[in-house]
Peer 1: 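After the structure tokens below, expect a handful of questions from me.
Whatever order the structure lists them in is the order used to number ligands and atoms, beginning at 1.
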Amino acid sequence: MPGCIAPSAPAAIASPMRRPPWRTREIRRASMSENTMPHNDADAARQARLISLGLYERSVEASANAMMITSAEAPEYAIEYVNPAFERITGYSAGEVIGRNCRFLQGDDQDQPGLQEIRRALAEQRATNVVLRNYRKDGTLFWNHLYVAPVEDTDGAVTHFVASQYDITEIKSYEMTLRHLATHDELTGLANRSLLNDHLRGAMARAERSGSQIWVVFLDLDRFKVFNDSLGHMAGDVFLMTIAQRLQASLRATDLVARLSSDEFALVLCEQPGHRLNFLLLERIANAVQQALQFDRKDFFLTCSMGVAIYPADGVDAEQLIERADMAMFQAKERGRNNYQFYTDAINQRALERMQIGSALRAAIEREEFVLHYQPQLDLDSGRVIGTEALIRWRHPEMGLVYPDRFIGIAEETGLIVAIGDWVLRTACQETKRLQGLGHPDLRVAVNLSARQFARSDLAHGIEAALQDSGLEPCCLEIEITESLMMHDVDGAIGSLRALKDLGVRLSIDDFGTGYSSLAYLKRFPIDNLKIDRSFVSDIVSGHEEAAIVSSIISLAHNLRLQVTAEGVETEEQLAYLRNRRCNKMQGYLFSKPVPAEMLPALLGACLPAPATAL
Ligand SMILES: Nc1nc2c(ncn2[C@@H]2O[C@@H]3COP(=O)(O)O[C@H]4[C@@H](O)[C@H](n5cnc6c(=O)[nH]c(N)nc65)O[C@@H]4COP(=O)(O)O[C@H]3[C@H]2O)c(=O)[nH]1
């Protein structure tokens with residue numbers, strides 16, 4: 001049989017034979033019937049006739065499947081007969097194989113579970129079937145579904161084994177293709193999440209035995225979406241394939257790289273004896289990602305953020321390790337991207353809080369737990385309040401007053417920001433209209449818009465509805481959009497801004513100076529106002545660089561006929577500096593913190609002190 005029992009003595013080489021030497025149970029019965037059974041037994045007579053015609057023999061010869069008959073004598077089980085199909089499939093002639101044990105069909109590939117089953121079946125003289133990897137004479141692999149059965153003589157003693165072989169290579173390769181598809185990412189050919197989980201579980205079992213560590217790295221490409229959206233999906237695919245190859249090239253063969261979703265990858269790094277895992281490996285990975293990517297004969301550069309969870313310290317099951325590495329990656333993103341973070345309990349705590357906030361936010365909309373505070377904005381020439389900025393707060397039943405930095409990002413991720421933003425817009429318009437009726441007819445209000453709101457096609461329609469329902473004049477509403485939000489898709493932003501401008505509302509760029517505005521774009525945006533970010537204002541008196549930036553923003557804005565608002569003004573010195581540079585408006589704790597709507601009337605009549613001597 002293929003692969004049976006190691007020979008101890010050389011096999012007796014029988015002469016090549018074509019005649020099958022067996023008698024199966026039926027044949028035996030039939031042949032007996034010729035001599036011993038009554039002539040009126042029609043079945044027995046038919047059997048006997050078939051034998052006399054040599055039909056069995058010729059059928060075996062004609063079979064499309066390989067057939068082989070071996071002696072039942074251990075240990076060699078020498079081949080006594082092979083049919084023409086065997087010769088065709090294996091490439092061996094009958095003369096080359098007769099007398100040999102058939103283990104040559106497996107070559108060096110002897111460690112196959114099927115072979116052990118065959119050995120057992122031969123020893124126990126019973127039938128069995130197994131699948132084996134066999135090799136043709138020219139060395140090529142074929143998958144063999146082998147069926148083996150004992151053949152008895154007239155006395156019931158097993159004298160031979162007969163084996164029929166089915167070449168199932170095609171089915172196997174189809175099966176393997178299906179398995180590959182089910183466990184690999186189609187675009188990059190990397191492992192997918194299911195293979196990652198299996199691999200990680202295996203690696204953990206090995207690491208437990210050897211007492212070594214595993215690092216699970218969650219890697220996310222920074223701003224990949226911007227590239228994908230602006231250059232097109234073809235460029236995105238090229239980048240992903242290149243990065244997949246680079247990641248694989250920067251790791252060892254025992255490590256694994258998987259692609260989890262569009263621009264997310266997971267790496268399983270296993271410690272090898274004498275080589276501790278260390279941060280240099282992470283730097284090598286970051287460096288591989290950072291190399292120039294080519295598309296359309298141009299160079300592009302991407303960075304990545306990574307989170308690391310360590311087995312066994314940070315978790316002992318695969319899903320948990322991946323999840324914790326993901327949390328750490330999120331922290332790396334929050335810390336400004338292009339860096340890596342190791343998982344800590346504090347990160348877990350933050351992630352839990354984010355989850356709690358996320359689910360509580362849903363209920364907050366229905367329970368009307370949000371409230372707007374308003375921070376006055378003042379004209380620096382007259383010193384008078386000309387408007388306010390509406391800033392959302394959440395009156396959480398247990399957490400108390402929650403500030404937007406803790407929940408706006410989560411609302412943005414979950415999509416709840418659309419409903420929240422709509423509420424802010426309507427409430428700000430209504431409350432401002434009410435204040436106008438209290439003797440401040442020109443009072444304006446500025447409202448922040450999030451990325452998701454800005455991306456909605458019905459944005460202008462929503463704003464128009466809020467204005468109509470409240471009765472507020474469009475010129476009294478200022479929409480604030482952050483600089484980075486507009487730079488993601490400049491042409492799209494220009495289109496959306498024009499639609500808003502057509503309504504008659506004022507437009508302002510928030511946090512100006514923190515993004516990466518190309519100043520060339522600025523004049524293409526139909527905007528009215530630039531708000532200088534608080535981080536520059538806070539250092540204008542002490543920091544030369546910040547002062548120079550603020551000065552340049554003001555003159556740039558004036559050249560483009562835009563107004564400028566400085567936010568976060570806290571001191572008289574800052575105010576004096578801004579007045580001196582002819583900044584138009586200010587907002588900050590120096591005059592007032594954001595206050596509830598009820599407290600605004602008392603502030604609206606107040607004034608900034610008159611300018612002192614110029615700086
Ligand atoms: N240290 C200091 N801080 C000052 C001073 N003057 C004003 N601030 C704070 O600076 C932030 C100004 O708002 P922002 O830049 O639009 O930044 C806002 C805005 O981006 C976002 N946000 C607030 N309300 C909304 C909203 O209704 N919708 C959206 N999408 N975002 C909002 O949350 C951010 C933070 O809001 P707040 O916590 O209210 O923080 C406010 C305000 O309280 C000052 O003199 N010193």
Peer 1: Take every heavy atom of Gly568, measure it against each atom of ligand 1, and state whether any distance is under 4.0 Å.
Peer 2: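 Yes.
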Peer 1: Answer yes or no for Gln587: is there a heavy-atom contact with ligand 1 below 4.0 Å?
Peer 2: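 In this structure, Gln587 fails to qualify as a contact of ligand 1 - no heavy atom is under 4.0 Å.
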Peer 1: Go through ligand 1 atom by atom and flag the ones less than 4.0 Å from a non-hydrogen atom of Arg393.
Peer 2: 37 (P), 39 (O), 43 (O)
Peer 1: Give the minimum heavy-atom separation between Ile420 and Ala411, together with the two atoms involved.
Peer 2: CD1-CB, 3.9 Å
Peer 1: Look at Lys333 together with Asp222 and state whether they make a salt bridge at an N to O cut-off of under 4.0 Å.
Peer 2: yes
Peer 1: Of the choices Val569, Ile481, Asn448, which has the non-hydrogen atom that lies closest to atom 20 (O) of ligand 1?
Peer 2: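 Closest candidate by heavy-atom distance is Asn448.
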Peer 1: Is there a donor-acceptor pair closer than 3.5 Å between any side-chain N or O of Asp314 and the backbone N or O of Ile310?
Peer 2: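 Yes: the side chain of Asp314 pairs with the backbone of Ile310.
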Peer 1: Considering only the protein, which heavy-atom contact is closest to atom 45 (O) of ligand 1, and what is its distance?
Peer 2: Tyr589 N, 2.8 Å
Peer 1: Nearest to atom 12 (C) of ligand 1, what protein heavy atom do you find, and at what distance?
Peer 2: Glu567 OE1, 4.0 Å
Peer 1: Any atoms of ligand 1 less than 4.0 Å from a non-hydrogen atom of Pro594? List them with their elements.
Peer 2: 43 (O)
Peer 1: Counting each atom of ligand 1 from 1 as listed, which ones have a heavy atom of Ser450 under 4.0 Å away?
Peer 2: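 Checking each atom against Ser450, I get 30 (N).
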Peer 1: Hey, can you pull the donor-acceptor pairs under 3.5 Å for the side chains in residues 390-401, sequence neighbours left out?
Peer 2:
unit_1, atom_1, unit_2, atom_2, d
Trp394, NE1, Glu369, OE1, 2.9
His396, ND1, Glu398, N, 3.1
His396, ND1, Met399, N, 3.0

Peer 1: Just going by heavy-atom distances, which of Glu412, Arg534, Glu480, Gln375 is nearest to atom 11 (C) of ligand 1?
Peer 2: Arg534
Peer 1: Tyr403 to ligand 1: N or O pair under 3.5 Å?
Peer 2: no
Peer 1: Check side-chain contact (heavy atoms from CB on, under 4.5 Å) between Asp185 and all other residues, then give those that pass, not counting sequence neighbours.
Peer 2: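 Asp185 satisfies side-chain contact (heavy atoms from CB on, under 4.5 Å) with Leu187, Thr188, Arg259 only.
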Peer 1: Here's a test for you: under salt bridge (charged side-chain N to carboxylate O under 4.0 Å, His left out), which of Glu478, Glu483, Glu389 qualifies with Lys531?
Peer 2: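 That would be Glu389.
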Peer 1: May I ask you to establish whether Lys593 and Tyr589 are in a cation-pi arrangement, using a distance under 6.0 Å from NZ or CZ to the six-membered ring centre and at most 45° from the ring axis?
Peer 2: yes
Peer 1: Report the part of Leu372 (side chain from C-beta onward, or backbone N, CA, C, O) that has a heavy atom under 4.0 Å from ligand 1; answer both or neither where that applies.
Peer 2: neither
Peer 1: Short question: side chain of Asp458, backbone of His461 - any donor-acceptor pair under 3.5 Å?
Peer 2: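 Not a single qualifying donor-acceptor pair exists.
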Peer 1: Show the atoms of ligand 1 that are less than 4.0 angstrom away from any heavy atom in Asp405.
Peer 2: 33 (O), 34 (C), 35 (C)
Peer 1: Starting from atom 24 (N) of ligand 1, locate the nearest protein heavy atom and write down its residue, its atom name and how far away it is, to 0.1 Å.
Peer 2: Ile392 N, 3.1 Å
Peer 1: Which atoms of ligand 1 have any heavy atom of Gly588 under 4.0 Å away?
Peer 2: 6 (N), 45 (O)
Peer 1: Of the side chain and backbone of Glu389, name the one, both, or neither that has a heavy atom under 4.0 Å from an atom of ligand 1.
Peer 2: side chain
Peer 1: For atom 18 (C) of ligand 1, find the nearest protein heavy atom and state the residue, atom name and distance (0.1 Å precision).
Peer 2: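 Sorting protein heavy atoms by distance from atom 18 (C) of ligand 1 puts Leu391 CD2, 4.2 Å first.
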Peer 1: Could you check whether Lys585 pairs with Asp381 (Lys NZ or Arg NE/NH1/NH2 to Asp/Glu carboxylate O, under 4.0 Å)?
Peer 2: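 Judged by the 4.0 Å cut-off on N to carboxylate O distance, Lys585 and Asp381 do not form a salt bridge.
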Peer 1: Counting from 1, what ligand 1 atoms have a heavy atom of Pro404 closer than 4.0 Å?
Peer 2: 22 (N), 23 (C), 33 (O), 35 (C), 36 (O), 37 (P), 38 (O), 39 (O)
Peer 1: Indicate whether atom 40 (O) of ligand 1 is within a distance of less than 4.0 angstrom of some protein heavy atom.
Peer 2: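 It does not; no protein heavy atom is within 4.0 Å.
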Peer 1: Answer yes or no: is there an ion pair linking Glu334 with Arg354, defined by an N-O contact shorter than 4.0 Å?
Peer 2: yes
Peer 1: Can you check whether Arg452's main-chain N or O pairs, donor with acceptor, with Glu412's side chain at less than 3.5 Å?
Peer 2: yes
Peer 1: Would the Phe239 and Phe300 ring centres measure less than 6.0 Å apart?
Peer 2: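 Here the rings of Phe300 and Phe239 have centres that are less than 6.0 Å from each other.
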Peer 1: Is Asp511 touching ligand 1 with its side chain, its backbone, both, or neither, if touching means heavy atoms under 4.0 Å apart?
Peer 2: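 The side chain, only.
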Peer 1: Which is closest to atom 1 (N) of ligand 1 by heavy-atom distance: Lys593, Lys531, Gln574, Glu570?
Peer 2: Glu570
Peer 1: Test your reading of the model: is there a side-chain donor-acceptor pair from Asn584 to the backbone of Val564, 3.5 Å cut-off?
Peer 2: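 The answer is yes, because a donor-acceptor pair under 3.5 Å joins these two groups.
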Peer 1: Does the protein place a non-hydrogen atom closer than 4.0 angstrom to atom 6 (N) of ligand 1?
Peer 2: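 Under the 4.0 Å cut-off, atom 6 (N) of ligand 1 does have protein heavy-atom neighbours.
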